[in-house]
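Read through the structure below, which is laid out as structure tokens, and then see the notes.
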Amino acid sequence: MSNVLKIVVILVTFLLTWRLSYSVTYKLTNVICESRNQSWVTINECRLKAVNRNRTVFNFNATIHHPTNDVVIDYRFLKRENGYKPWLYKKNIDGCRFLRKPYDMLTKMIYMVFKPFSNINHTCPFYGDILIRGMYLRTEIKAMPYPSGKYMLQINWSFYKKIQVVTNISYDFIENLL
Ligand SMILES: *[C@@H]1O[C@H](CO)[C@@H](O)[C@H](O)[C@H]1NC(C)=O
Ligand SMILES: *[C@@H]1O[C@H](CO)[C@@H](O)[C@H](O)[C@H]1NC(C)=O
Ligand SMILES: *[C@@H]1O[C@H](CO)[C@@H](O)[C@H](O)[C@H]1NC(C)=O
Ligand SMILES: *[C@@H]1O[C@H](CO)[C@@H](O)[C@H](O)[C@H]1NC(C)=O
Ligand SMILES: *[C@@H]1O[C@H](CO)[C@@H](O)[C@H](O)[C@H]1NC(C)=O
Ligand SMILES: *[C@@H]1O[C@H](CO)[C@@H](O)[C@H](O)[C@H]1NC(C)=O
């Protein structure tokens, strides 16, 4: 499907459902973190933990060994349909600039998801331990209606123009019309 068609489908779904009350369920299903350069970044922890039947949390701990002033984040969403296929959004974000002044709406929404659980609350330089503790996907975050399914947020973290860390975060999104 072309992106234009996907957007039309989403808008139509939105128009048909916005008056109905509905609930959404989010569930983290898998996380993969990989350092491409151990001398710059070591990943100490990258793990999901089930805290109860309906909540799985994400714990992340990485150490940046040299002060880093140039961080570029490339991310895209993938949706699972016979394997993961690129879905709708792909972004290239200047991390230091974004943290000084959030300039991109979608990235801002993603940032709001993990900010309360993280020490990433300042701009560059980044140095030392980067932490996310006990993060879960809150159902209040209904940025916009989108189709139920299995998604992956794939992020490449580049320092000084070279990919240093790759994180793949998979989750299920289920929209329940009441
Ligand atoms: C790996 O990290 C070191 C700093 O620890 C840096 O000097 C080097 O350029 C990095 N290598 C790549 C391929 O980015
Ligand atoms: C989630 O789990 C908690 C504790 O196990 C329970 O009290 C709560 O009702 C559950 N919420 C939903 C939406 O199932
Ligand atoms: C993060 O990992 C480092 C290195 O293993 C450790 O010293 C530090 O205590 C960890 N931080 C947290 C909050 O777990
Ligand atoms: C991340 O880098 C890999 C190559 O290492 C590339 O195939 C992939 O498309 C990149 N992802 C994004 C979101 O740019
Ligand atoms: C940033 O987060 C750290 C650790 O959670 C906290 O100690 C610090 O006060 C926060 N700083 C700001 C400006 O919010
Ligand atoms: C992350 O996901 C992408 C897309 O499915 C895949 O190509 C890549 O190998 C994954 N990276 C890791 C470290 O598993």
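It should be emphasised that the depicted structure is a prediction, and the values quoted were computed from it without experimental measurement. Along the sequence shown, the residues carry numbers beginning at 1. Whatever order the structure lists them in is the order used to number ligands and atoms, beginning at 1.
Below 3.5 Å of separation, one finds no N or O of Y75 facing any N or O of ligand 4. The shortest N or O to N or O distance between N44 and ligand 3 is under 3.5 Å.
In this structure, W40 and Y160 have parallel ring planes: the angle between them is below the 30° cut-off, well short of the 60° mark.
Contacts of N156 with ligand 4, taken as heavy-atom pairs under 4.0 Å, involve the side chain alone. Heavy atoms of I163 found under 4.0 angstrom from ligand 4 belong exclusively to the side chain.
The closest side-chain donor-acceptor pair between H65 and S39, if any, does not fall under 3.5 angstrom. Between the side chains of T63 and N44, at least one donor N or O sits under 3.5 Å from an acceptor N or O.
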As a quick check of understanding, evaluate side-chain contact (heavy atoms from CB on, under 4.5 Å) for V57 and F117, giving each step before the final call.
CA-CA 10 Å; V57 302; F117 306 97; over 6 Å; no

With ring pair (Phe, Tyr, Trp, His ring centres under 6.0 Å) as the criterion, how do F114 and F60 come out once you've worked through the C-alpha distance, each side chain's angles and the decisive distance to 0.1 Å?
CA-CA 11 Å; F114 69 83; F60 176 83; 9.4 Å; no

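How far CG of D74 is from NZ of K91: 12.0 Å, rounded to the nearest 0.5 Å.
Ranking protein heavy atoms by distance to atom 1 (C) of ligand 3, first place goes to N61 ND2, 1.5 Å. Scanning the protein for heavy atoms near atom 7 (O) of ligand 4, the closest one is R76 NH2, 4.9 Å. Protein heavy atom in closest approach to atom 14 (O) of ligand 1: Q164 NE2, 2.9 Å.
If you run ring pair (Phe, Tyr, Trp, His ring centres under 6.0 Å) between F173 and each of W87, F77, Y26, only Y26 comes through.
The shortest heavy-atom distance from R36 to ligand 1 is not under 4.0 Å.
Taking a distance limit of 4.0 Å, we find that atom 4 (C) of ligand 4 is approached by no protein heavy atom. Remark: atom 11 (N) of ligand 3 lies closer than 4.0 Å to at least one protein heavy atom.
Distances below 4.0 Å separate heavy atoms of K90 from the following atoms of ligand 4: 14 (O). With ligand atoms numbered from 1 in the order given, ligand 1 contributes 1 (C), 2 (O), 3 (C), 4 (C), 5 (O) to contacts under 4.0 Å with heavy atoms of S39. Near D129, with a cut-off below 4.0 Å to any heavy atom, the atoms of ligand 3 are 1 (C), 3 (C), 8 (C). Each of the atoms 1 (C), 2 (O), 3 (C), 8 (C), 10 (C), 11 (N), 12 (C), 14 (O) of ligand 1 lies under 4.0 Å from some heavy atom of N37. For ligand 1, the atoms sitting less than 4.0 Å from at least one non-hydrogen atom of H66 are 4 (C), 5 (O), numbered in the order shown with element in parentheses. Set against the non-hydrogen atoms of K162, the atoms of ligand 1 under 4.0 Å away are 12 (C), 13 (C), 14 (O).
Between the side chain of Y103 and the main chain of D94, a donor-acceptor pair closer than 3.5 Å is present.
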